[in-house]
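See structure below.
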Amino acid sequence: MIAAAVESLSAASTSGVLLDLSAVVMLLCAFAALGSKLFDRYVAYYALQSIVLAFAAAVVGDALGQIDLWVLAVATLLIKGIAIPLATRRFLLDRLELRRDVAVSTGLSTSLIIGAFLTAFAYLAIRPGTLPHALVASAVVPLSTAVILLGGLCMVVRRHTIAQLIGWLILENGVFLGAITLTATFPFIVEAGVFLDLVAAVLIMITFVSGLAERLATAAAPELMELRH
Amino acid sequence: MTALVVLVAALPLLGALAPIAGLRARGLGIAVAAGGIGGLAAAVAVAVQVERHGPIRALAGFVYVDSLGAFFALTIALVVTLAGVGSAAYLRVEEERGGLTVLQVRLYAIFFALFAGLMLASLETGNLGLLWVLIEASTLASAVLVGLEAKARSLEAAWKYIIISSFGVTMALVATLFLYYAASPLALSPNQRLTWPALFVHAHLLQHDSLRLAFLLAVIGYGTKVGLAPMHTWLPDAHSEAPSPASAMLSAALLNTGMYAIVRFQAIAIPELGRYTNHVLLVFGFASIVIGALFMVRRGNFKRLFAYSSVEHMGIISVALGFGGVLGIYGALLHTLNHAIGKCVLFLTSGELVQRWRTRESAGIVGALTAAPLVGGVLLLGSLAILGSPPFGLFLSELTIVRAGFRGSSPLAFLLLALLVLAFIAFARTTAAMATGEPGDAGGEAGGKQSVVAAVPLVAGMAALLLLGLWIPGGLNSLIMHSIGAIR
């Protein structure tokens, strides 16, 4: 039954096209965040990416007739699309008066080129052929892999704690995109748990960043040299 | 029987409820310690049940305890008990001298209890997705402990810890997804495709490429938690900045929980991937032993020294799993238990040293044996034990692992021996210098009365290590043998 329903997600169907399109927009958001130097842009691109992710979850939920994916879509929209960006803006950016991110280790153009290579790598590594059963719109899996890699790249080239936090959130979005398509039927209890963990992680991270910022005036990771001896 | 399983994870949570009752450090310490002891008793009962009647299953595989799970739960519960009693001593001293505020003491009790309960729960589920959720949640709880003292250094360590392990654990989530995908050819319900016993039975039918990806990502992802090199970079910072009983929990419990997840993935991957899994574990294992041993050479912060020793020991366990065979896995499991007890004792000792000498630098401590005979003695004996000297348990387990290596007539066994010698010299020259010599002025202040509560876990742990070096109880032996059966 599910196998039949999953076919409606294949690349030719409307849902499949919408899903592919969402994945492409999410990748673009990741690139945009990678190529930006303003903190509120990072947050804005992350928010946009999360809203698109919520849309993608709704598309899959509709195509497969799965209610838990709808629940997930609403939760994604409310928490990742609205609550986390708002909290980051309010408790970190505004309170600490952060505007420009100067703590980058690699130039913007260089990191964009590396990002392009990573995207190409994702396509080469996860060819649709390596997936045994063409369960899903096949472009989504390499695209979500690319989003994961770009999120990781953001964490590596940015030294500021907030930029690293956003990088990790982008990476997490990539994982979720992979999760809803690759394994549309993932047990709901597990998905809910993953989501709860994410929320708790963000809360704790925001607390740490603001605590660190109060003590160090700047919470850029290169300033965090005390432990290096 | 399911109730018993729930108790293992629920009893340690007592400490999280105690602050609601408005208790202060003394009461909170008692609650945390009592929770640990209760958890240990339940874990022993579960192990006995599993030995008698086979695996316990309930709730469609969300609760599943076999010998392997029971063995790890027993190990972790023992650590929680020792560290819980250590926490009781730590909280009392810190409150008396005003090192922690009332809020911090309460936060400590809450998150220590959550950390313990979540870790124990993660060992009792058969669902790999839920395993991931619980391990990530326990990471978050422990991050609060690392940053508890809220100094710039400890917050920095906590940040590094949480961001690196979140990254790693997210990789483990991708691994879980790929495993789920690898199981898609099987005629299983969605839930069963994540349930370990169902996957284990059908392991030879899993889709090859996805499974390989899943195994590699799991080793890298959960390996970040285990502290396998080169993903170990968070470990020394977090271990040195956390309050000492929390360091003991990180080193002796959290790392083992990560290793447990890797063992589960390996067990599923072996039928399809064969020796490939062993090679991957050997590579990461030897990298960790080399990194750990080399960084131990540097003198300095002794809590960092203990932390690098944990990297080394996790490497040894990984190498043992890499050698494989009954002997290799037996050695790995026995070493897990021995290392957990030994490292827990050492970190609790380090807590005593820090509270007495007010320094984490090894150069600042001389003559611990004279100034504080019990702490100094445990430091010296505990170091010898952790380095694998007879008659302590680690000697036996390391010997088993080296034998497993020679049985495969692999030249790697010689390499392992050489690295163990290097680690011995590096570690012992620091701790021996701390324990011996004339204490001087600093030692006079550091003397003081020995608190009984703080002494209990040190003595009990050393006694257990000595016992395990001389005699392995029959029940433990059969538990380990059955665990091996659950893996291969």
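Residue numbers start from 1 in every chain, and the chains themselves are labelled A, B, ... in the order their sequence lines are given, proteins ahead of strands. Computed from a predicted structure; not experimentally measured.
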Chain A interface, residue from B:Leu130, B:Ile163, B:Val174, B:Val144 that has the most non-hydrogen pairs under 4.5 Å:
B:Ile163
Is the shortest side-chain heavy-atom distance between B:Phe167 and A:Val156 below 4.5 Å?
no
For A:Ala200 versus B:Leu140, what's the shortest heavy-atom pair and its separation?
CB-CD1, 3.8 Å
Within 6.0 Å of OH in B:Tyr276, more than 12 heavy atoms from elsewhere
yes
So which atom in B:Ala137 and which in A:Asp197 form the shortest heavy-atom distance, rounded to 0.1 Å?
CB-OD1, 3.5 Å
Any side-chain donor paired with an acceptor under 3.5 Å for B:Thr170 and A:Trp168?
yes
Roughly how far, to the nearest 0.5 Å, is the CE atom of B:Met171 from the CD1 atom of A:Ile148?
6.0 Å
Tell me, for A:Leu203 versus chain B, whether the close heavy atoms (under 4.5 Å) come from the side chain, the backbone, both or neither.
neither
If you count the non-hydrogen atoms of other residues, nucleotides and ligands that lie under 6.0 Å from CZ in A:Arg95, is the total more than 12?
yes
Indicate yes or no: at least one non-hydrogen side-chain atom of B:Ser166 is less than 4.5 angstrom from one of A:Met205.
yes
Applying side chain to side chain donor-acceptor pair (under 3.5 Å) to A:Asn173 and not counting sequence neighbours gives A:Gln49, A:Ser50, A:Lys80
Of the backbone (N, CA, C, O) and the side chain (C-beta and beyond), which part of B:Ile162 lies under 4.5 Å from a heavy atom of chain A, both, or neither?
both
Pairwise distance CH2(B:Trp159) to OG1(A:Thr207) - rounded to 0.5 angstrom
10.5 Å
Of the non-hydrogen atoms in A:Phe208 and B:Ala143, which two are nearest, and what is the gap between them?
CZ-O, 3.4 Å
Side chains of B:Glu156 and A:Thr161: does their closest heavy-atom pair fall under 4.5 Å?
no
Nearest 0.5 Å please: distance from the CD1 atom of A:Ile180 over to the CG atom of B:Leu177.
11.0 Å
